[in-house]
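To find a chain, count down the sequence lines: A is the first, B the second, and so on, and within it residues start at 1. A quick note: this is a predicted structure, and the numbers were derived from the prediction, not measured.
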2 protein chains.
Amino acid sequence: MPSEPAPTPVAPDSALHLDAARPSRREQILRAAAQLFAERGSRAVGVDDIGAAVGVTGPAIYRHFASKDAVLAEMLLRISERLLAGGRATVAAAGDDPAAQLAALVAFQVDFALDNPSLITVQDRDLGQLGDSDAAQVRRLQRRYVEEWVAVIGRLDPAAGTRTCRARAHAVFGLINSTPHSAGQLPRAQMADLLTGMAVAAASSGVRPTSS
Amino acid sequence: MPSEPAPTPVAPDSALHLDAARPSRREQILRAAAQLFAERGSRAVGVDDIGAAVGVTGPAIYRHFASKDAVLAEMLLRISERLLAGGRATVAAAGDDPAAQLAALVAFQVDFALDNPSLITVQDRDLGQLGDSDAAQVRRLQRRYVEEWVAVIGRLDPAAGTRTCRARAHAVFGLINSTPHSAGQLPRAQMADLLTGMAVAAASSGVRPTSS
DNA sequence: ACCGTAGGTTAACCACGGTTCACTTGGGGC
DNA sequence: GCCCCAAGTGAACCGTGGTTAACCTACGGT
C-alpha cells in the first residue's frame, strides 16, 4: 500500500465522504447492507447477514453503528442528501431555459437510478422502518428535492398549479425509478436513452411547445 | 337483512369473489391487512394489529387463514389475477388499433391504481416476503400481465425489440403506480387525466405517429 | 518493550411476535 | 330443546434476532 503520511486517524465526520478506493469497514457495511436490504427488505435482513456479507460476525456491526436501524438511517440520509445537492447543482449548471433544466434533472436522476438500483429500492421501500426523527429528516430532504423539480416543471408550464406539478414530478420519479424492475433488459446506455426520452415526454405532456 | 334463500353456506372457493356488500370476516381481514401492510410493511405489522383492525384478537386470524404469510399470499395472488384478467379483457374490448388498445390498458391500470393504492404499494414492496412457491406464482401472473402490455407496445412500435418494449412497460407501470406517493394532491378525476396523458405520452415517446 | 485502543469473537440475554392450546359461546339444523 | 360447530378468547410456548458482555489480539505511538 502506498505511503500515506498521516491519513487523519479516523475523521470523526466520516458521514459524508465515501472513500471509493479502499473503503473503510463502515463503508463496506453500508454498501453490503444496501444490497441486502434491497433484495429482502431491511426487516428480513439480520445483522448476521450483514456481517457475513463483509466477512465478519454479526455483533461486529456494533463497532461501527449504534444499531441496525442506524445503518438504515445513515443510508437513507446520505441518499437524500446526495440527491438534493446533486439536483440543485444540476439545475444551477443548466442555464435559464426550463426545458434544458428539465433535461438536465432527468439525466441526473436517470444516472443515479441506473448507478444505484439498490438505493432506489431501499429508499422507497424502507423509509417507513425509520424512527420518527430520522424519517422526518429524510422526508424533509426528499421534499426539498421534489420542490426543485416542481419549480422547473412549473416554469416549463406556468399554467399548471403547484399540485399538478408535484404530481407530475412524482410520476416522473416513478417512471425513472422503475429501473430496478427492468433489471438487465437493455445495456445501460440504451436504457438511459429510453428512460430519458420517456421521462421528458411524460413531464412535458400536455405542455404546448414554447413560442420559439 | 333481506331474505337470502340459502346463500351456499361458506362457498369453499371464496378465494375470488369479493362480496362487496357485507364482507365476510375473511374479506375484512384481507382489506385491513392490505391497508396496514401498505402503511408499515408486512413484517412490521403484527397479527394483533390485524385483529384489532377488524375488532377481534390476534389469534382469531387463524380461524380464517393458515398463517400471517397466507394472508399476504392471498392478497398478492388476487391482485395479480385481477390485473391479468382485467388487462386481457381490456385489450380484447379495445378493437384492433394498437393506439386504442394502449389507451385502454393505461386507463385500466390508472383506475386500478387510483382505486387501490394500498394494494399497489404492497404488491411491489412485500412480494419478496412471500414463500418461494407463492412468490413464483405471483411472478408468473405478473409476467403474463406485463407481456400483455409488451404485445400492445410492440404492435404500436414494430421497430422496437421485445426488451425495449418490456422496459417501456415497466417504466409506464412505475409512472402510473406513483399515485400512492402523490396521495391527495389532486382530485381523482384530475389525477386520472394527468396520469393517463403522461403514461400515453411516455409509452409513445420516440414512436412516429402511424401513417394516418 | 509496553500499553491502549480499534475491531473482532463467542456466548448469553431478552423482548417481541407468530403460533398453538384449552376453553367458551352463540346460533342453526335435526 | 339439544347438539354441534364456527368463531373467539386469553394464556402459554418458543424461535428468531437485536443487543450486550466479557474476553482476545493485533498494531501504532511513545
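- One can place CD1 of A:I29 at 10 Å from C1' of C:dG7, the figure rounded to the nearest angstrom.
- Rounded to a whole Å, the CG atom of B:D49 is 14 Å from the P atom of C:dT19.
- Take B:R88 and apply the salt bridge (Lys or Arg N to Asp or Glu O under 4.0 Å) test, not counting sequence neighbours, and it matches B:E148.
- Note: CD1 (B:I50) to C1' (C:dG17) measures 12 Å, nearest angstrom.
- For B:D126, the side-chain hydrogen bond (donor to acceptor under 3.5 Å, both in side chains) partners at least two apart in sequence or on another chain are B:S42.
- Among the nucleotides C:dG18, D:dT19, D:dG8, the one closest to any side-chain atom of B:K68 is C:dG18.
- For the salt bridge (Lys or Arg N to Asp or Glu O under 4.0 Å) test, no residue two or more places apart in sequence or in another chain qualifies with A:D69.
- Residues satisfying the side-chain hydrogen bond (donor to acceptor under 3.5 Å, both in side chains) criterion with B:D115, sequence neighbours excluded, are B:R188.
- The separation between A:L72 atom CG and D:dG18 atom P is 12 Å, rounded to whole Å.
- Take B:P180 and apply the side-chain contact (heavy atoms from CB on, under 4.5 Å) test, not counting sequence neighbours, and it matches B:P117, B:I120, B:T121.
- To the nearest 0.5 Å, atoms CH2 (A:W149) and CG (A:L105) are separated by 5.0 Å.
- When distances are taken from the side chain of B:Y62 to each of C:dT19, D:dT20, C:dG7, the shortest belongs to C:dT19.
- Near DNA chain D, defined here as any heavy-atom distance below 4.0 Å, the residues from residues 53-60 of chain B are B:V56, B:T57, B:P59, B:A60, listed numerically.
- In this structure, CZ of B:F37 is placed 14 Å from P of C:dG17, rounded to the nearest angstrom.
- Taking 4.0 angstrom as the limit, A:R63 places none of its side-chain polar atoms (N or O) nearer than this to OP1 or OP2 of C:dT5.
- Applying the side-chain hydrogen bond (donor to acceptor under 3.5 Å, both in side chains) rule to B:Q109 yields the partners B:Y145, B:N177; only residues at least two apart in sequence or on another chain are considered.
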Using distance only, find each side-chain donor-acceptor pair of residues 57-66 of chain A under 3.5 Å and give its atom names and separation, not counting sequence neighbours.
none

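- Residue A:R25 contributes atom CZ, which lies 14 Å from atom P of D:dC27 at whole-angstrom precision.
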Please table the atom pairs, donor to acceptor, closer than 3.5 Å between any side-chain atom in residues 165-173 of chain A and protein atoms at least two apart or in another chain.
{"unit_1": "A:R166", "atom_1": "NE", "unit_2": "B:Q185", "atom_2": "OE1", "d": "3.4"}
{"unit_1": "A:R166", "atom_1": "NH1", "unit_2": "A:E147", "atom_2": "OE1", "d": "3.2"}
{"unit_1": "A:R166", "atom_1": "NH1", "unit_2": "A:E147", "atom_2": "OE2", "d": "2.5"}
{"unit_1": "A:R168", "atom_1": "NH1", "unit_2": "A:A203", "atom_2": "O", "d": "3.4"}
{"unit_1": "A:R168", "atom_1": "NH2", "unit_2": "A:D157", "atom_2": "OD2", "d": "3.2"}

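- With rounding to the nearest 0.5 Å, the separation of CG in B:N116 from CD in B:Q123 is 10.5 Å.
- A:D69 places its CG atom 9 Å from the P atom of D:dG18, with the value rounded to the nearest Å.
- Distance check: A:L119 CG to A:R31 CZ gives 10.0 Å after rounding to the nearest 0.5 Å.
- DNA chain C is contacted by B:V45, B:G46, B:V47 of residues 40-48 of chain B, taking any non-hydrogen atom closer than 4.0 Å.
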Indicate every side-chain donor-acceptor pair of residues 127-140 of chain A with a distance under 3.5 Å to a residue at least two apart or in another chain.
{"unit_1": "A:Q129", "atom_1": "OE1", "unit_2": "A:R43", "atom_2": "NH1", "d": "3.4"}
{"unit_1": "A:Q129", "atom_1": "NE2", "unit_2": "B:R40", "atom_2": "O", "d": "3.1"}

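- Side-chain proximity of A:S67 to D:dT19, D:dG8, D:dC23: nearest is D:dT19.
- For the helix from C:dA1-D:dT30 to C:dC30-D:dG1, the axis fitted to the five pairs at one end and the axis fitted to the five pairs at the other end meet at an angle of 10° (nearest 10 degrees).
- A close approach under 4.0 Å does occur between a side-chain nitrogen or oxygen of B:H64 and OP1 or OP2 of D:dG8.
- Atom pair A:F65:CZ and C:dG7:P shows a separation of 12 Å (rounding to whole Å applied).
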